[in-house]
Amino acid sequence: MRRFFNLVLGAMAMVAVALISAFIAMRLAIHGREVKVPNLTHMTVAEASRRASSMGLQLRLENKFYSPNTPAGEVLAQFPAPGAVVRRNWPVRVTESLGTQQVSIPDLKGQGERAVSIHLKQLGLELGTVGQLASPDEPGVVVAQTPPANATGVDSPRVSVLLSVPSDDAEQAYVMPSLVGLSLAGAYARAMAAGLRVASIEDVTPASAVAAPVDAATPAATPATPSTATTTITQTAPAASTTGTVMAQTPPSGHRVVRGEIVRLSLTH
């Protein structure tokens, strides 16, 4: 009987050792696939791509914005932020600086879509989204544009336009403005100016970089995955305790929207 008891204890000890070894191996495997995001700002996009690749990360160029402080061709901003712990092969989204705005925004009113596209390309600008607006003007010509003519301090080289259509054919559609890169308060102001409603915000900051999630009642995610705390917004202005920078939006920039349409934002701290 005693021998049997010793055999059972030995078997249990072996099982315990096996379980502990498996747990340690799993932890090592998990942490072996994690990497700390490097600081890519002020590197050229090519340098940032090589740096990210050397650490097992993927570089994705998301946007290009003007910046008076960052030379053209360098990384202006990145997400996730430097120091965040993510899994290998995680995409790092960056924004490229176009340097100081040197091109004057032309007055496109009265021009057709094809003429506008050619004109903008000649100036090194891009045609954004083309929407429609009921107007007594000749059909198919620009009646409004964003940014306006001769605008300074614009953040993007894209110019979106509204073309005139007869009142009977108009869809009363508008061009969705870009909210990416703005503070939450700035995004609210721009959305409200376009007659849109911000319905919810989602915190996509990696958990290791989150100081305080958007919704404090939502537990933090594991370091390898982004936080997905979502807050539904019913007021017309952000709560004072809700902060962050817009990293993504729905509908996307340039999408055709109607007045009163719902907008959803993804934020990072």
What side-chain donor-acceptor pairs closer than 3.5 Å can you find for residues 106-116, not counting sequence neighbours?
unit_1 : atom_1 : unit_2 : atom_2 : d
D107   : OD1    : K109   : N      : 3.2
Q111   : NE2    : D107   : O      : 3.3

So which heavy atom on S104 is nearest to which on N150, and how close? OG-OD1, 3.4 Å
To the nearest 0.5 Å, tell me how far I201 CD1 sits from Y188 OH. 6.0 Å
Residues pairing under salt bridge (Lys or Arg N to Asp or Glu O under 4.0 Å) where one sits in residues 116-128, two or more places apart or in two chains, turn out to be E126-R158
Please say yes or no: joined through hydrophobic side-chain contacts below 4.5 Å, possibly via intermediate residues, are V142 and I105 part of one cluster? yes
Do P82 and V37 touch side chain to side chain, with heavy atoms closer than 4.5 Å? no
Rounded at 0.5 Å granularity, tell me how far CZ in R87 sits from CD in E34. 8.0 Å
Would you mind listing the cluster partners of L76? Hydrophobic ones only (ILVMFWY), side-chain contacts under 4.5 Å, chaining allowed. F65
Quick one: pull up OG in S183 and CZ in R190 and give me the separation to the nearest 0.5 Å. 10.0 Å
Considering only heavy atoms from C-beta outward, does the side chain of P157 approach that of L98 to under 4.5 Å? yes
Shortest non-hydrogen separation from F79 to M247 and the atoms involved: CB-CE, 3.1 Å
What I'd like to find out is whether the side chain of V263 reaches to under 4.5 Å of the side chain of T250, using heavy atoms alone. no
Find out whether L59 and V94 are in side-chain contact, i.e. whether some heavy atom of one side chain is under 4.5 Å from a heavy atom of the other. yes
Interatomic spacing from CD in Q249 to OG in S178 - rounded to 0.5 Å: 5.5 Å
Any donor and acceptor pair, going by atom type alone, linking the side chain of Q78 with main-chain N or O of L40 inside 3.5 Å? yes
Rounding to 0.5 Å, atoms CG (N89) and CE (M55) come to a distance of 13.0 Å
On a heavy-atom basis, the closest approach of L179 and L265 is CD1-CD2, 3.7 Å
Begin with the C-alpha distance, continue with both residues' side-chain angles, and end with the deciding distance and a verdict on side-chain contact (heavy atoms from CB on, under 4.5 Å) for L182 and T245. CA-CA 6 Å; L182 299 178; T245 301; over 6 Å; no
Same apolar cluster: V159 and L127, side chain cutoff 4.5 Å: yes
Heavy atoms, side chains only, cut-off 4.5 Å: are V165 and P139 in contact? no
By salt bridge (charged side-chain N to carboxylate O under 4.0 Å, His left out) - contacts of R264 (at least two apart): none
Heavy-atom side-chain contact between V143 and L163 under 4.5 Å: no
Side-chain contact test, heavy atoms from C-beta onward, threshold under 4.5 Å: evaluate it for H42 versus V75 and give yes or no. no
Holding to side chain to side chain donor-acceptor pair (under 3.5 Å), I want the full list of residues that pass it with T41, two or more places apart in sequence or in another chain. N39
Evaluate E74 against V45 for side-chain contact (heavy atoms from CB on, under 4.5 Å), listing each step before the verdict. CA-CA 6 Å; E74 293 187 1; V45 173; over 6 Å; no
Heavy-atom closest pair, residues L125 and Y66: CD2-OH, 3.5 Å
Could you tell me which residues satisfy salt bridge (charged side-chain N to carboxylate O under 4.0 Å, His left out) with R51, sequence neighbours excluded, listed by chain and number? none
Closest heavy-atom pair, P80 versus V92, reported as atoms and distance to 0.1 Å, is CD-CA, 4.2 Å
Indicate if M43 and L61 have the same hydrophobic cluster label, given that clusters are the connected sets of ILVMFWY residues with side-chain heavy-atom separations under 4.5 angstrom. yes
Is there a path of hydrophobic side-chain contacts, each under 4.5 Å between heavy atoms of I, L, V, M, F, W or Y residues, that connects V161 with M176? no
Please check if L184 and L196 belong to a single hydrophobic cluster, counting links between Ile, Leu, Val, Met, Phe, Trp and Tyr side chain heavy atoms closer than 4.5 Å. yes
Check P251 against E261 and note the closest heavy-atom contact, atom names and distance. CG-OE2, 3.5 Å
Sidechain-backbone polar pair: Q101 side chain, V103 backbone, donor-acceptor under 3.5 Å: yes
Nearest-0.5 Å distance that lies between atom CG in N69 and atom OG in S97: 9.0 Å
